[in-house]
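Written below as structure tokens is the structure these notes are about.
In what follows, chains are A, B, ... by sequence order, proteins preceding strands, each numbered from 1. Owing to the predicted nature of the structure, the values given are computational and were not obtained by experimental measurement.
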Amino acid sequence: MIALETKNFNLKQISSSGQCFRMRPKEEKGESGYEIIAGDHCLFAQQEADLCKFHCSGEEFEQFWYSYFDLGTDYESYIENIDPLDEYLTNAAHRGHGIRILRQDLWEMIVTFLISQQNNIVRIRHCIDNICKCYGKEMKTADSGETYYAFPEPEPLAAATDEELKTCNLGYRSKYIIRTANSITSGEVNLDGLLSMDYQQARTELLKLYGIGEKVADCICLFALHKLKAFPVDTHIRQAIEKHYPNGFPAERYRGFEGVLQQYIFYYELTDA
DNA sequence: AGCCAGGAAGTCC
DNA sequence: GGACTTCATGGC
């Protein structure tokens with residue numbers, strides 16, 4: 001178990017920030033915390049104020065979770081750059097000050113945000129749970145020996161038929177996932193290649209995939225490739241900008257980390273004080 | 001019951 | 001290039 005003092009880190013805020021869908025409140029041995037499943041990893045974590053307990057080995061923490069939670073980055077400096085006259089953004093950042101832009105798996109984000117389109121967050125979780133149970137490897141946690149399912153690899157999803165995927169209740173998105181999985185297994189689009197591209201290159205490459213448009217591509221760039229200049233505009237963000245920024249969001253002031261602010265706004269719009 | 005959801009592809013002009 | 005329609009499913 002790793003105990004750590006953290007700043008600008010809040011499990012509750014991250015779990016409901018809409019960037020990850022396999023993180024949820026959980027009781028373990030009578031203690032409350034959060035279960036986080038990412039790729040084929042699973043972690044139980046607890047938090048009291050700034051003190052966090054990560055129930056994993058030091059090795060797994062250093063090699064995986066430290067990076068996953070982006071713990072090497074100072075988020076307060078992003079918040080300090082916010083225009084103090086911008087009351088809306090100041091309030092949004094205040095409420096979501098414990099959010100981090102997670103460094104998640106590329107393939108997992110591609111599938112996750114294909115599923116996210118024209119869908120609500122509660123149902124997105126169900127859809128992802130379904131495909132993990134059907135197509136992901138069964139795993140056991142080192143900590144407590146509990147069973148969980150890894151996120152499925154491209155191969156089994158590429159091999160699935162539309163009829164089979166239908167049992168996961170993905171709706172019309174099934175065909176997007178099958179065709180995109182085939183684009184990966186065939187080598188038409190190379191996942192490792194995407195990792196070394198800049199934002200514009202990666203975005204263009206992602207747009208080649210069937211079912212991925214500008215918004216989903218930006219989510220993948222932000223949440224998997226950690227391109228903080230990506231600023232995904234969905235229905236909530238569009239409405240918030242129309243309401244609070246009639247002349248457009250002042251992205252030029254925040255060049256290079258617009259994506260962090262986008263998350264504060266998204267979280268602010270989806271939560272109550 | 002009916003509207004909506006972290007949109008994108010298809011089909012017009 | 002823009003506007004308009006269709007696409008499954010279920011949460012609220």
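- Checking A/Phe44, A/Tyr34, A/Trp65, A/Phe61 one by one against A/His55, the ring-ring contact (aromatic ring centres under 6.0 Å, His included) holds for a single residue, A/Phe44.
- What separates CZ of A/Phe266 from C1' of B/dA5 is a distance of 10 Å, to the nearest Å.
- With DNA chain B read from its 5' end, the first of the two nearest nucleotides for A/Val216 and A/Gln239 is the one closest to A/Gln239.
- Remark: A/Tyr210 engages A/Tyr176 in a ring pair (Phe, Tyr, Trp, His ring centres under 6.0 Å) (not counting sequence neighbours).
- A/Asp129 has its CG atom 16 Å from the C1' atom of C/dG11, to the nearest Å.
- Counting atom types as modelled, A/Tyr172 pairs a side-chain N or O with a base atom of B/dG7 as donor and acceptor under 3.5 Å.
- The distance from atom CG of A/Asn130 to atom C1' of C/dA8 is 14 Å, rounded to the nearest whole Å.
- DNA chain C is contacted by A/Gln118, A/Asn120, A/Val122, A/Arg123, A/His126 of residues 112-128 of chain A, taking any non-hydrogen atom closer than 4.0 Å.
- Within residues 88-98 of chain A, no residue has any heavy atom closer than 4.0 Å to DNA chain B.
- Listed by chain and number, the residues in a side-chain contact (heavy atoms from CB on, under 4.5 Å) with A/His97 are A/Asn8, A/Gln13, A/Ile79 (sequence neighbours excluded).
- Looking at residues two or more places apart in sequence or on another chain, you find a side-chain contact (heavy atoms from CB on, under 4.5 Å) between A/Asp105 and A/Trp107, A/Glu108.
- Judged as a side-chain contact (heavy atoms from CB on, under 4.5 Å), and not counting sequence neighbours, the contacts of A/Val233 are A/Phe231, A/Ile237, A/Arg238.
- Residues satisfying the salt bridge (Lys or Arg N to Asp or Glu O under 4.0 Å) test with A/Glu258, not counting sequence neighbours, are A/Arg255.
- Rounded to an integer number of Å, the gap from A/Glu214 CD to B/dA9 P is 10 Å.
- Take A/Tyr199 and apply the ring pair (Phe, Tyr, Trp, His ring centres under 6.0 Å) test, not counting sequence neighbours, and it matches no residue.
- Annotation: B/dC3 and C/dA8 have their C1' atoms spaced 15 Å apart (nearest Å).
- Ring centroid separation for the pair A/Tyr75 and A/Phe9 does not come in under the 6.0 Å cut-off.
- Taking the charged nitrogens against the carboxylate oxygens, A/Lys26 and A/Glu28 do have a contact shorter than 4.0 Å, which makes a salt bridge.
- Note: CG (A/Leu206) to P (B/dG7) measures 17 Å, nearest angstrom.
- Judged purely by distance below 3.5 Å, without hydrogens or angles, the side chains of A/Arg95 and A/Thr271 pair a donor atom with an acceptor atom.
- When the P atom is used for both C/dG10 and B/dA8, the distance is 22 Å, rounded to whole Å.
- If you look at A/Tyr88 and A/Tyr268, their ring centroids are closer than 6.0 Å.
- Rounded to whole Å, the C1' atom of B/dC4 lies 16 Å from the corresponding atom of C/dT6.
- Rounded to whole angstrom, the span from the CZ atom of A/Arg173 across to the C1' atom of B/dA8 amounts to 11 Å.
- Take A/Thr141 and apply the side-chain contact (heavy atoms from CB on, under 4.5 Å) test, not counting sequence neighbours, and it matches A/Cys42, A/Ser144, A/Glu146, A/Tyr148.
- For residues 55-75 of chain A, the salt bridge (Lys or Arg N to Asp or Glu O under 4.0 Å) pairs, not counting sequence neighbours, are A/Asp70-A/Arg103.
- Rounding to whole angstrom units, CD1 of residue A/Ile110 and C1' of B/dA8 are separated by 16 Å.
- Proximity note for A/Gln263 (side chain, C-beta onward) versus B/dG6, C/dT9, C/dA8: the nearest is B/dG6.
- A/Gln47 contributes a side-chain N or O that, together with a main-chain N or O of A/Ala49, makes up a donor-acceptor pair within less than 3.5 Å.
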What protein N or O atoms touch nucleotides 1-4 of chain C N or O atoms at under 3.5 angstrom, if any, and at what distances?
none

Identify each atom pair where a protein N or O and an N or O of nucleotides 10-13 of chain B are less than 3.5 Å apart, giving names and distance.
none

